Amino acid sequence: MNSITRPLGALTAGLLALSLAACGDDAASAPADEPQQDSAPIVLEHAQGETTIDGPAERIVVLDMGALDTLAALGSADSVVGLATGNVMPEALSQFEDEKYEPVGSLKEPDLEAIAALDPDLVIAGFRSASLTEELSKNFNTIDVTYDAADGFYNGVEFSTNLIAKAVGKETEAEEQLAEVSDALEDAKEKAPTDKSALILMTSGGKVSAHGTDSRFGLVHTELGIEPAISDVEAEAHGDAISFEAIAEANPDILYVVDRDAAIGEDGEAAKQVLDNELVATTPAWENDDVIYLDGSRWYIMIHGVDNAVEMLNEAVESF
């Protein structure tokens with residue numbers, strides 16, 4: 001029995017050795033026969049220059065709420081590892097109120113040490129955090145999704161969406177999302193009352209400012225074609241201060257109103273209360289109940305997010 005067992009054991013060991021040797025030969029030849037699977041570098045041309053990353057970003061710190069909305073719409077929420085917020089997280093982005101997303105300070109004052117601890121392969125800045133791009137770029141791959149409102153709402157959304165999509169390898173998804181924005185825009189144009197005039201107002205701390213064609217809210221005029229009740233409004237970040245007398249004199253058919261205090265989570269007199277006075281009451285907008293209170297988190301905070309853009313366009317004309 002033992003004389004038979006030994007040769008079989010030796011044979012088995014020999015076959016095993018040959019098998020391992022063959023596997024070793026295959027493993028050694030694999031790299032030469034198969035193409036490399038590593039991602040090619042991605043060059044991102046953004047608002048403040050050019051940034052190159054090694055491949056689709058998988059660890060992203062976000063310092064802009066519109067960018068966060070776009071990442072979610074593209075299916076890349078799981079790539080976010082850290083984010084900065086304002087006083088309030090917009091309801092539409094409530095999925096990011098989760099402990100797995102590390103806080104990295106505020107939109108205007110991010111915590112650089114907290115960002116470094118996350119070891120991100122990309123930091124996305126924009127608008128409120130745009131001025132920090134140069135400093136951030138010294139330590140992190142950083143892009144700025146800011147665009148000029150005067151170039152048009154859709155063009156701005158397209159620029160920021162395509163930039164983010166390229167960074168995460170989601171160009172096809174971006175095309176689909178932008179097609180939805182385009183459809184919403186065409187639908188809104190058809191519904192918009194272009195035979196009427198509109199005045200866009202923002203309230204904050206009991207004061208009122210007007211916003212014109214070149215403002216962050218200018219799509220009402222530039223994209224939808226509704227005539228501005230005042231043609232020479234200064235394109236300031238928080239609008240051009242306006243009195244109730246001037247509102248009455250402008251005599252708008254429609255009033256679009258953004259409550260900034262509500263949007264950023266600050267206590268203050270509600271927009272409806274601020275505007276409820278005898279002068280504003282003389283306007284056709286007030287008399288005909290054509291005062292549209294816009295969602296501040298969408299119009300003031302998330303603006304260019306590709307999903308948010310659809311909601312903004314719908315909201316602008318839903319009353320009509």
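Remember, predicted model here, so these are calculated numbers, not experimental data.
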Among residues two or more places apart or on two chains, list those pairs meeting salt bridge (Lys or Arg N to Asp or Glu O under 4.0 Å) that have a residue in residues 138-160. Glu135-Lys138
Is it possible for you to check whether Arg59 lies under 6.0 Å from the centre of the six-membered ring of Phe140, through NZ or CZ, and within 45° of that ring's axis? no
Pairs where residues 185-210 contributes a residue and the test salt bridge (Lys or Arg N to Asp or Glu O under 4.0 Å) is met, not counting sequence neighbours: Glu186-Lys189, Asp187-Lys191, Lys196-Asp290
Residues 220-228 side chain polar contacts: donor-acceptor under 3.5 Å, at least two apart:
unit_1 : atom_1 : unit_2 : atom_2 : d
His221 : ND1    : Ile226 : O      : 2.8
Thr222 : OG1    : Gly218 : O      : 3.1
Glu223 : OE2    : Phe153 : N      : 2.9

Tell me the side-chain hydrogen bond (donor to acceptor under 3.5 Å, both in side chains) pairs involving residues 172-183, sequence neighbours left out? none
Kindly write out the residues that satisfy side-chain contact (heavy atoms from CB on, under 4.5 Å) with Thr52, not counting sequence neighbours, or none if the list is empty. Pro41, Val43
With sequence neighbours left out, which residue pairs that include part of residues 256-267 fulfil the salt bridge (Lys or Arg N to Asp or Glu O under 4.0 Å) condition? none
Please, which pairs that meet salt bridge (Lys or Arg N to Asp or Glu O under 4.0 Å) have at least one residue in residues 66-79, sequence neighbours excluded? Asp78-Lys100
Does Asn308 reach the main-chain N or O of Arg298 with its side chain, forming a donor-acceptor pair under 3.5 Å? yes
Are Met312 and Val306 connected in a single hydrophobic cluster, I mean Ile/Leu/Val/Met/Phe/Trp/Tyr linked by side-chain heavy atoms less than 4.5 Å apart? yes
Could I get the full list of ring pair (Phe, Tyr, Trp, His ring centres under 6.0 Å) partners for Phe96, not counting sequence neighbours? Tyr101
Sequence-distant partners of Phe217, ring pair (Phe, Tyr, Trp, His ring centres under 6.0 Å), two or more places apart: His211
Looking at CD1 of Ile164 and OG of Ser79, how far apart are the two atoms once the value is rounded to the nearest 0.5 Å? 12.0 Å
Quick one: which residue pairs count as a side-chain hydrogen bond (donor to acceptor under 3.5 Å, both in side chains) with a foot in residues 275-286, not counting sequence neighbours? none
Counterpart residues, side chain to side chain donor-acceptor pair (under 3.5 Å), relative to Asp295 (two or more places apart): Ser297
Atom CD1 of Ile143 and atom NZ of Lys166: how far apart are they, to the nearest 0.5 Å? 10.5 Å
Could you give the side-chain donor-acceptor pairs of residues 107-114 under 3.5 Å, partners two or more places apart or in another chain?
unit_1 : atom_1 : unit_2 : atom_2 : d
Asp111 : OD1    : Glu113 : N      : 3.1
Asp111 : OD1    : Ala114 : N      : 3.1

